[in-house]
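Along the sequence shown, residues carry numbers from 1.
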Amino acid sequence: MSVAHRAAATLLLGLAWAAPAAAHGLFDAHLAERTPLLITAALVAAAWLLYLLGGRRVPPRPHEALCFHAAMLLTVLSVFGPLDEWAETSTSWHMTQHMLFILVIAPLWALARPLPQWRGVTGWFGQRVWTLLLRAGRYPTALALLHGAIIWIWHTPRLYVLALDNLWVHAFEHACFLFTGWLFWWSVLRANRKQVPQALMAVLLTLMHTGLLGALLTFGSVSFYGAERDVADQQLAGLIMWVPGGFVYLAAGGWIAWRWLGRLWHSQPQPDDGL
């Protein structure tokens, strides 16, 4: 069985396994209320299918294909699996879901570099979209500010609770995290030599403000998201954002700097040992 067929089978199995387990399941008794999830499932399936079809015209590198399929599988499990149900009543599980979007799925998409495969299928029809995305990737600092604004906005108490109560808002929240996170990681991980200072600044800025938000949640003595939510659970959520998140951003900054120094080293004329 080819990689494409295995990935398609994985998608179908993932959706089939996750749907009945989640409170926001796709096929429960209130199907009419689940329209946002049906649309989300259709978009995820379409993105995956287009990548598989495009991969026949523009074969991806093996590690890029692995990153993409892993990211898509994690997306299915995070959005349609039991994690989404746990996130409804637990702040720490909700934060875990958000961190998966921002710190795992989004950078995997960036490392997967799926635009050549998507362009191989959409051609001129999607050319304007892909051109805009590529141009946006030239501005790491601006994308870091956009991504940071999204993180803070959706963690304000009113919007946080609204997303839990309204499936349309919930789906839009997830889309905001995934899309801006993908653009952010795309811009910093794919930065060229001239963009490296901006990329490092973007990572440092994100490290600082997410650490601040995590600290506010960790040291908060009252529940920010409703009296029915446990303060200790909120503090755990803050630690999840603060510690593992900080480690990921530090590792990303170190990798960007190491890659930049490696380029500088190879660009320098090497001494001739024979002289």
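With side-chain heavy atoms closer than 4.5 Å counting as contact, directly or through intermediates, the hydrophobic cluster containing Leu205 also holds Leu145.
Within the model, atoms CG of Leu100 and CG of Leu83 stand 6.5 Å from one another, a figure rounded to the nearest 0.5 Å. Annotation: the span from Thr122 atom OG1 to Leu53 atom CG amounts to 11.5 Å, rounded to 0.5 Å. From Ile151, atom CD1 reaches atom OG1 of Thr156 across 13.0 Å, with rounding to the nearest 0.5 Å. Atom-to-atom distance recorded for Trp86:CH2 and Trp93:CH2 is 5.0 Å, nearest 0.5 angstrom. Distance check: Asp230 CG to Tyr225 OH gives 14.5 Å after rounding to the nearest 0.5 Å. Within the model, atoms CZ of Arg57 and CZ of Arg119 stand 14.0 Å from one another, a figure rounded to the nearest 0.5 Å.
Under the 3.5 Å distance criterion, the side-chain polar atoms of Gln195 are matched with a main-chain donor or acceptor of Asn192. A donor-acceptor pair is defined here as one N or O able to donate and one able to accept, closer than 3.5 Å; no such pair exists between the side chain of Ser90 and the backbone of Ala87. Distance alone, capped at 3.5 Å, is enough to place a donor-acceptor pair between the Gln117 side chain and the Val58 backbone.
Taking the side chain to side chain contact (heavy atoms under 4.5 Å, CB included) definition, one finds that Leu43 meets it with Ile39, sequence neighbours left out. Remark: Leu207 engages Leu204, Tyr249, Leu250 in a side chain to side chain contact (heavy atoms under 4.5 Å, CB included) (not counting sequence neighbours). Checked against side chain to side chain donor-acceptor pair (under 3.5 Å), Thr89 has no partners two or more places apart in sequence or in another chain. For the side chain to side chain contact (heavy atoms under 4.5 Å, CB included) test, residues two or more places apart in sequence or in another chain that qualify with Ala47 are Met72, Trp118.
The minimum heavy-atom distance between Ser92 and Asp233, with the atom names listed, is OG-OD1, 2.5 Å. When all heavy atoms of Ala257 and Leu200 are compared, the pair lying nearest together is N-CD2, 4.2 Å. Taking all atoms of both residues into account, the shortest heavy-atom contact from Ile150 to Cys176 is CG2-CB, 3.8 Å. The two residues Ala110 and Leu189 have their closest heavy-atom pair at CB-CD1, 4.3 Å. A pairwise comparison of heavy atoms in Val188 and Pro140 identifies CG1-CB, 4.2 Å as the closest pair. Contact between Ala171 and Thr40 at its shortest, heavy atoms only, is CB-OG1, 3.9 Å.
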Dump the intermediate steps for side chain to side chain donor-acceptor pair (under 3.5 Å) on Asp165 and His170, then the final yes or no.
-> CA-CA 8 Å; Asp165 295 337; His170 197 67; over 6 Å; no
Can Glu173 and Asn166 be said to form a side-chain contact (heavy atoms from CB on, under 4.5 Å), step by step?
-> CA-CA 10 Å; Glu173 176 197 40; Asn166 188 301; over 6 Å; no
Before giving the answer on side chain to side chain donor-acceptor pair (under 3.5 Å), spell out for Tyr160 and His94 the whole-Å C-alpha distance, their side-chain angles and the decisive distance to 0.1 Å.
-> CA-CA 10 Å; Tyr160 184 99; His94 202 154; 3.0 Å; yes
Go through the steps to decide whether His174 and His98 satisfy the test side chain to side chain donor-acceptor pair (under 3.5 Å), and finish with yes or no.
-> CA-CA 8 Å; His174 290 172; His98 291 177; 5.1 Å; no
Evaluate ring-ring contact (aromatic ring centres under 6.0 Å, His included) for Phe219 paired with Trp242, printing each intermediate quantity in order.
-> CA-CA 11 Å; Phe219 295 111; Trp242 193 0; 5.7 Å; yes
Step by step, work out the side chain to side chain donor-acceptor pair (under 3.5 Å) result for Arg229 and Thr91.
-> CA-CA 7 Å; Arg229 295 210 168 221; Thr91 307; 3.3 Å; yes
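The shortest side-chain heavy-atom distance between Val79 and Val44 does not fall under the 4.5 Å cut-off. Contact annotation: the side chain of Trp154 approaches that of Phe172 to within less than 4.5 Å [non-hydrogen atoms, C-beta and beyond]. Side-chain contact between Asp84 and Ser78: absent, with no pair of heavy atoms (C-beta onward) separated by less than 4.5 Å. A heavy-atom distance below 4.5 Å is not found between the side chains of Val231 and Ser221. Trp109 is not listed as a side-chain neighbour of Trp185, based on a closest heavy-atom distance of 4.5 Å or more. Considering only heavy atoms from C-beta on, Thr206 stays 4.5 Å or farther from Val203 through its side chain. Pro114 has its side chain out of reach of Trp48: every pair of non-hydrogen atoms, C-beta onward, lies at least 4.5 Å apart. Under the 4.5 Å side-chain criterion, counting only non-hydrogen atoms from C-beta, Ile102 is in contact with His147.
At a threshold of 4.5 Å between side-chain heavy atoms, the hydrophobic network of Ile, Leu, Val, Met, Phe, Trp and Tyr places Met201 and Leu143 in two separate groups. If you chain together hydrophobic residues whose side chains sit under 4.5 Å apart, Leu212 and Leu217 fall into the same group. A single hydrophobic cluster is seen to contain both Met241 and Trp152, as judged by linkage of ILVMFWY side chains at heavy-atom distances under 4.5 Å, directly or through other members. Each of Leu236 and Val243 belongs to its own hydrophobic cluster when Ile, Leu, Val, Met, Phe, Trp and Tyr are linked at side-chain heavy-atom distances under 4.5 angstrom. No continuous path of ILVMFWY side-chain contacts below 4.5 Å connects Phe247 to Leu239, so the two sit in separate hydrophobic clusters.
Between His155 and Phe224, the ring center distance fails the sub-6.0 Å criterion.
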In a table with atom names and distances, give each donor-acceptor pair under 3.5 Å that connects a side chain of residues 59-68 to protein atoms at least two apart or in another chain.
residue, atom, partner, partner atom, Å
Glu64, OE2, Arg113, NE, 3.2

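Atom OH of Tyr139 has 12 or fewer heavy atoms from other residues, nucleotides or ligands within 6.0 Å.
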